[in-house]
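Okay, so here's the structure we're looking at.
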Amino acid sequence: MINEKRVYHMTQMARYEQNKARHDEHIGSYFRSDYISGRLLESFFCATIAYAIILGLYCIYHFEEIMVTVYSEEVMRFVSSAVVFYLVFTAVYLLFTLLIYYRRYKHAVQDLKLYYIALRKLSDEYEEEEQE
Amino acid sequence: MATLLEFREKLIGLFRRYETVATIAAKFLVTFAAVMIINGKIGYNETITGGLFSLIIGLIGAIAPAYLTIVVLSGVIVAQLYDLSLIAALVGLALMLLLMLIYLRFSPGNIWLLLLSPVLFALRIPYLLPLAGGLLFGPLTVVPVTFAVVYAYFIRFISDNERVLGGVEGEEQEALTQVQTILDGLLKNREMLVMIIAFAIVLLVVYVLRRRLLNDSWTIAIAAGAVLELVVLIAGDIAMNANLSIVGILLGTLVSAAIAFGLKILLWNLDYEAIEDVQFEDDDYYYYVKAVPKLSYTPSNPTMRRISVSKRKDPPPPDAEGFREENYGEEYFPEGEDYLEEDEY
């Protein structure tokens with residue numbers, strides 16, 4: 001006699017195993033702080049490279065004005081403005097990274113937990129049937 | 001409505017039956033169409049513009065994840081631009097790197113909007129981007145939609161100014177001037193700026209409205225999004241003198257709203273007339289729950305056809321299940337004779 005409810009749950013578990021489990025297990029293998037700090041470090045480098053590209057394009061676009069600035073006394077003001085924009089850009093980008101990966105870690109761990117609970121429940125049911 | 005539901009059920013059933021093939025075919029068609037459109041606009045390299053190369057890119061798009069397909073398409077754009085002008089290729093590469101560094105590294109699910117954008121721009125319905133983005137994804141979809149608009153106008157600018165950028169004799173530009181020309185074409189493009197602002201506002205409004213606990217929230221979101229898109233684009237056109245085509249905006253927005261409504265029927269079909277409000281509690285919380293049933297298609301009763309049973313020469317024995325003596329006439333039981341002897345019962 002087929003237990004339809006069990007078949008349904010097992011199907012859901014198999015679908016999870018096929019689609020998301022590997023990705024979630026990879027995330028779940030880290031401590032939360034390690035996972036997020038690793039992603040923040042990656043984002044720091046990406047933000048730095050992206051800002052360098054944007055700054056390069058800006059300098060080329062305003063080349064003549066920047067040349068005048070370089071040969072005047074306002075070069076430090078330009079450099080300090082560039083540094084401030086870099087810090088703001090990086091801070092905003094890191095904040096978004098933190099929010100995105102915090103949420104991903106939370107969902108991955110929750111889904112894994114539900115999966116393992118379902119797996120244990122299935123195992124207990126089989127043991128009870130064997131004892132009967 | 002019943003016809004639409006029936007069509008929806010048939011479409012979903014067909015897709016479920018051939019899901020793998022349909023997904024691969026859809027990805028191939030979208031990638032192939034995007035490559036053909038890009039090559040049509042900036043097809044400066046004969047090898048890359050060829051049909052075989054486009055087919056190969058389409059096959060890559062059919063099996064690769066979406067972010068890899070975007071990288072490949074960006075590579076095609078850069079390779080095409082390299083044949084025209086090194087500077088244009090470098091600016092295109094800079095845009096591609098910015099997209100990858102700022103957004104693609106998160107492997108977002110909404111990247112398919114970026115892949116569909118060349119097709120939507122070619123069909124003159126880019127106004128579907130914010131409507132679909134707000135209905136199907138989250139507020140961060142503003143980023144790929146913005147990149148889609150920037151890429152589209154970048155390609156259009158290159159295509160319109162290929163003589164100047166390609167260094168036709170007598171019209172050569174210095175490298176620095178070329179970069180400034182290309183960046184001017186993007187940063188001072190009022191049409192592009194109005195589109196970016198309008199799409200961002202519409203996407204956020206559609207997202208907020210469809211998540212509200214309102215009856216028919218999706219319909220309200222689509223209608224409000226379409227009207228807001230028209231208003232913001234027309235207002236932006238007037239304020240910034242962007243030279244947008246009002247008729248084009250009107251028709252494009254109407255078609256986009258119709259497609260968005262089709263998406264709603266396919267993905268979010270609820271019966272708001274049969275809402276149930278229930279309340280219950282557990283140890284920790286008191287729950288107020290609004291249950292909205294999904295609209296389902298009930299097939300009409302199948303037609304019944306009576307099949308007459310021809311008279312049998314040998315009737316079944318009297319103790320057979322369902323045997324009824326009155327069903328068998330005198331020819332089966334001639335007078336004076338029993339069908340079966342007593343000891344044969």
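Chain letters run A, B, ... following the sequence lines, proteins first, then strands; residues in each count from 1.
- In this structure, the portion of A/I53 lying under 4.5 Å from any heavy atom of chain B is its side chain and not its backbone.
- When side chains are defined from C-beta on, A/F63 does not count as touching B/V179, because their heavy atoms never get closer than 4.5 Å.
- Within 6.0 Å of CZ on B/R211 lie no more than 12 heavy atoms contributed by other residues, nucleotides or ligands.
- Residue contact with chain A, scored on non-hydrogen atoms closer than 4.5 Å, is absent for B/I182.
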Exercise. Between B/F106 and A/T97, does a side chain to side chain contact (heavy atoms under 4.5 Å, CB included) hold up when you go through it step by step?
Worked result: CA-CA 9 Å; B/F106 294 113; A/T97 306; 3.8 Å; yes
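- Proximity of A/I49 to B/L97: side-chain heavy atoms (C-beta onward) are nowhere separated by under 4.5 Å.
- The neighbour count for A/Y105 OH, taken as heavy atoms of other residues, nucleotides or ligands under 6.0 Å away, is above 12.
- Across all non-hydrogen atoms, the minimal contact from B/R105 to A/E42 is NH2-OE1, 3.2 Å.
- What you find for B/I102 and A/F89 is that their closest heavy atoms are CD1-CZ, 4.4 Å.
- Of all residues spanning residues 183-191 of chain B, those with a heavy atom less than 4.5 Å away from chain A's heavy atoms are B/L183, B/D184, B/L187, B/K188, arranged by number.
- Looking only at heavy-atom pairs under 4.5 Å with chain B, the residue among A/R39, A/H62, A/R104 that has the most is A/R104.
- Counting non-hydrogen atoms of neighbouring residues, nucleotides and ligands closer than 6.0 angstrom, the OH atom of A/Y16 exceeds 12 such neighbours.
- Interface remark: A/Y61 contributes backbone and side-chain atoms alike to the contact with chain B (heavy atom separation under 4.5 Å).
- Shortest non-hydrogen contact noted between A/A50 and B/L101 is N-CD1, 3.7 Å.
- Looking at A/Y101, the atoms closer than 4.5 Å to chain B (heavy atoms on both sides) all sit in the side chain, from C-beta outward.
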